[in-house]
Amino acid sequence: MIFISVGYAQTVPSVWRDLSDVTYKIGQDEFGELYIPVFSDKIKKLEGKVVEADGYIIPFEGMFKPEHIILSSLPLAECFFCGSGGPETVMEVMMKSPIKYTSKRVKVKGTLTLNDKDPEKLMYILTDAQLLAN
């Protein structure tokens, strides 16, 4: 008798689909009206957890900082800053080690922080991140 064992690599799905489950309320600050994210329970359960996200590095304000990147689930032409995506399609990523800029899709893993207080930062922030694929 011959037994054949087939192994499948377990993959962690990218977090972007879950992060799209966000709504907004209108708030006020000293500069006027602003949209404040309201995170779903699904998103709240991800806070503080290690997640994986794949996407494209977006040069921020014309500069690339190899230890603090903006990652978009969409290519540059469609991303939140340049095209049709919404704010839920981008995240700030604080890298453990600096990385080199590439226009190709990358995958990172880090701890997710939710931001609904500081309008100067993105609503999704990945800390202690490391590059998984390039």
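Values below: all heavy atoms of this structure, side chains included; hydrogens, waters and symmetry mates excluded. The residues of the chain are indexed from 1 along the displayed sequence.
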Undergrad: I'd like to know if the side chain of W16 and the backbone of A53 have a donor-acceptor N/O pair within less than 3.5 Å.
TA: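 Side chain of W16 to backbone of A53, a donor-acceptor pair under 3.5 Å: no, none is there.
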Undergrad: Give the minimum heavy-atom separation between G27 and I36, together with the two atoms involved.
TA: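 Nearest pair, atom of G27 first, then I36: CA-CD1, 3.6 Å.
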Undergrad: State the CG-CG distance between L132 and D54, to the nearest 0.5 angstrom.
TA: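 Output value for this atom pair is 10.0 Å.
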Undergrad: Between S72 (side chain only) and I58 (backbone N and O only), is there a donor and an acceptor less than 3.5 Å apart?
TA: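 Checked: no pair found.
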Undergrad: Using the side-chain contact (heavy atoms from CB on, under 4.5 Å) rule, take V51 and L19 through it: C-alpha gap first, then chi angles, then the decisive distance, then the call.
TA: CA-CA 11 Å; V51 299; L19 296 182; over 6 Å; no
Undergrad: Do the rings of F39 and Y124 sit parallel, tilted or perpendicular, given the 30° and 60° boundaries?
TA: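 F39 and Y124: tilted rings.
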Undergrad: Going only through I, L, V, M, F, W and Y residues with side-chain contacts under 4.5 Å, is there a path from I57 to L131?
TA: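 Hydrophobic grouping puts I57 with L131.
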Undergrad: Transitively linked via ILVMFWY side-chain contacts under 4.5 Å: Y101 with I69?
TA: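 Linked, Y101 and I69 end up in one cluster.
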Undergrad: Compare every heavy atom of V50 with every heavy atom of K109, then report the nearest pair and how far apart it is.
TA: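 Nearest pair, atom of K109 first, then V50: CG-CG1, 3.4 Å.
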Undergrad: Go through the steps to decide whether V108 and Q130 satisfy the test side-chain contact (heavy atoms from CB on, under 4.5 Å), and finish with yes or no.
TA: CA-CA 5 Å; V108 295; Q130 60 188 18; over 6 Å; no
Undergrad: Test L112 against L126 for side-chain contact (heavy atoms from CB on, under 4.5 Å), laying out the working first.
TA: CA-CA 5 Å; L112 182 66; L126 216 54; 4.3 Å; yes
Undergrad: Quick check for you: to the nearest 0.5 Å, what is the distance between L34 atom CG and D29 atom CG?
TA: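 Here the interatomic distance stands at 4.5 Å.
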Undergrad: Rounded to the nearest 0.5 Å, how far apart are CG of L71 and CE of M91?
TA: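 The CG atom of L71 sits 6.5 Å away from the CE atom of M91.
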Undergrad: If I compare all heavy atoms of M123 with all of Y24, which pair ends up nearest, and what's the gap?
TA: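 Nearest pair, atom of M123 first, then Y24: CE-OH, 3.1 Å.
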Undergrad: Answer whether the closest heavy-atom distance between the side chains of E92 and I125 falls below 4.5 Å.
TA: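 Yes - at least one pair of side-chain heavy atoms lies under 4.5 Å apart.
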Undergrad: Can you tell me how far apart OG1 (T111) and CG (D128) are? Round to the nearest 0.5 Å.
TA: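 Here the interatomic distance stands at 5.5 Å.
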Undergrad: For a 4.5 angstrom cut-off between non-hydrogen side-chain atoms, does Y35 reach K25?
TA: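 In short, these two side chains do not touch, never coming nearer than 4.5 Å.
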Undergrad: Hey, what do you get for CG (L114) to CD1 (I43), rounding to the nearest 0.5 Å?
TA: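 These two atoms lie 7.0 Å from each other.
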Undergrad: Hey, what do you get for CG (N115) to CD (E120), rounding to the nearest 0.5 Å?
TA: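 One gets 10.5 Å once the value is rounded to the nearest 0.5 Å.
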